[in-house]
Amino acid sequence: MSNYFLTTPIYYVNAKPHLGHAYTTIVGDALARWHRLLGEDVHFLTGTDEHGLKIQQAAEAAGRTPQEFTDAIAPLFQQAWQRLNISNDDFIRTTEERHKVGVAKLLQACYDAGDIELDVYAGKYCVACEEYYTDDELLDGDLCPIHKRPVEYFEEENYFFRLSRFQDRLLRWYAEHPGAIVPEFRANEALGLIRGGLRDFSVSRTSLQWGIPLPWDPRHVAYVWFDALANYITAVGYGSDDERFHTWWPGRHLIGKDIIRHHCVYWPAMLLSAGIEPPAGWAVGGWLLVGGEKMSKTSGNVVNPLDLIDDIGLDGFRYYVLAETPYGHDGDFTYEGLTARYNSDLANNLGNLLSRVATVVGKQCGGIGPAPRADSPLAEAAAEALAATTEAWGAVQPHRALDATWHMIRATNAYLEANEPWKASPGPDVDAVMGDALEALRMVAVLASPAIPDTCQTVWERLGLPGRVDEQRLPAAAVWGGYPGGLTVTKGSPLFPRR
Ligand code: MSP
């Protein structure tokens, strides 16, 4: 069985989870579920980024110690992911002991390799980004290009990671691993950063305490990004369980476009320095904008994903997030868009198909689902849907994968409209058409289950199928003819009442 280790970014705990965090996490969850369907041994990791100045300041503002503060916020992420039906296998907090020992080991490995050295840093720093900026990167002289708020001037003795030495090694590594970053235009952005020249970056701070001390010089704590990136290896045993580490690493990262530099430049260089293989891949997403702006506490346009579940239902929300925006590009979140997607794809297409099929089977087939025909006109559409859905998930393009699966739903609705079994009298002709439609729905339940798992389980049960849809394995479970016939089909209430 092949191993598939997938990660999301670990989220800053300066505020509670918002739609932007949910976006990346839902994409990760669907991808993890898809790979489980393929029979791979999946390890899906998410977590929280809890050190650094931004968190220390947020804690101070709340009148708490950083530890108390992060202990209060981190569970909000865990709870939100539970409510969003996120199937993560692990949740790492960077304040955990397993992480601290791994970070110390990684720092020491880079230091021993001669790639971390002491120097003095003077420069302008954005606390919200936890990043230094050069003058030409700033807006109007002193505004952070991301947060559009004033940067602060810092001068301190820092240890530096000698990133400038890694340009050739990184370019060579990427040349040897084409397609490691998807989509391709995001790979070009990363390569552009490397070709543009690499500056050493500071990996320690003396101006704050809230972090992991450098093992050879505890006056300094590790720079929060060095600390955070290491979560991807410390969570699977780096520094605490070598065998486990080698089982899972190298992993695959889902990231947002704003953290390409850290993940696609700093991180592989840190790993190469420490003698560790770089990641197996990166999939870079755009932002979900609200009113054309990135959602953030700083901009005051935060949408709470849990409110949206209350409004449109869990799977309605998950489906929207996955289907609406081509992964890699920015998308604009709107309530109108959410409702329109829900009505067209879920209520009118999937919901309507199930309800029609169950009604006709109830009336014309005595409630017992007939078996499909081997030479059904829908078999070809099914084979195409399987191939296209598989290709699209492989390329981390959930919106295309769902469109390919929904093609099957549309084809089945059209097939029913052409045959009008509801007008025919009971008999072999109706049975044949309904067997085909039931088989199509069975396949759709399997193929759509990574995106809308609860709904697909309900469809599975209403078709009378035993067990769990997420225990099905592809491609076998999507080969035409799997619906056995002779099962009791249940109508039930509408899956997605129209809005
Ligand atoms: N803590 C760092 C990541 C460290 S990973 C080793 C961080 N945290 S974050 O909470 O600010 O953002 C985490 C991820 O969420 C980023 O990939 C970011 O792009 C994504 N999003 C935050 N807001 C977003 C939107 N509005 N839309 C989509 N994703 C966005 O950066």
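Note that ligands are numbered from 1 as they come in the structure, with each ligand's atoms numbered from 1 the same way. We're numbering straight along the sequence, starting at 1.
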| field | Test item, Gly285 contacting ligand 1 (heavy atom, 4.0 angstrom) | value |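 No, that is not the case, since the closest heavy atom of the residue is not under 4.0 Å from the ligand.
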| task | Pick one of side chain, backbone, both or neither for how His263 approaches ligand 1, counting any non-hydrogen atom pair under 4.0 Å. | result |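 Within the 4.0 Å criterion, His263 contacts ligand 1 through side-chain atoms alone.
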| request: Evaluate the criterion salt bridge (charged side-chain N to carboxylate O under 4.0 Å, His left out) for residue pair Glu391 and Arg400; output intermediate values, then yes/no. | output: CA-CA 9 Å; Glu391 185 280 324; Arg400 272 208 286 118; 2.6 Å; yes
| query | How are the rings of Phe77 and Trp81 set relative to one another: parallel (under 30°), tilted (30 to 60°) or perpendicular (over 60°)? | reply |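 Correct class here is perpendicular.
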| query | Which of parallel (below 30°), tilted (30 to 60°) and perpendicular (above 60°) describes Phe154 and Tyr125? | reply |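 Parallel: the ring planes of Phe154 and Tyr125 meet at under 30°.
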What I want to know is whether [X] and ligand 1 share at least one N or O pair that is separated by under 3.5 angstrom.
{"X": "Ile259", "result": "no"}
{"X": "Ile10", "result": "yes"}
{"X": "Asp258", "result": "yes"}
{"X": "Tyr12", "result": "yes"}

| Taking the six-membered ring of Tyr319, is NZ or CZ of Arg341 closer than 6.0 Å to its centre and within 45° of its axis? |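 No, cation not above the ring by the 6.0 Å, 45° rule.
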Which heavy atom of the protein is the closest neighbour of [atom], given with residue, atom name and distance?
{"atom": "atom 5 (S) of ligand 1", "result": "Tyr232 OH, 3.3 Å"}
{"atom": "atom 28 (C) of ligand 1", "result": "Leu288 N, 3.4 Å"}
{"atom": "atom 1 (N) of ligand 1", "result": "Asp49 OD2, 2.7 Å"}
{"atom": "atom 29 (N) of ligand 1", "result": "Gly20 O, 3.4 Å"}

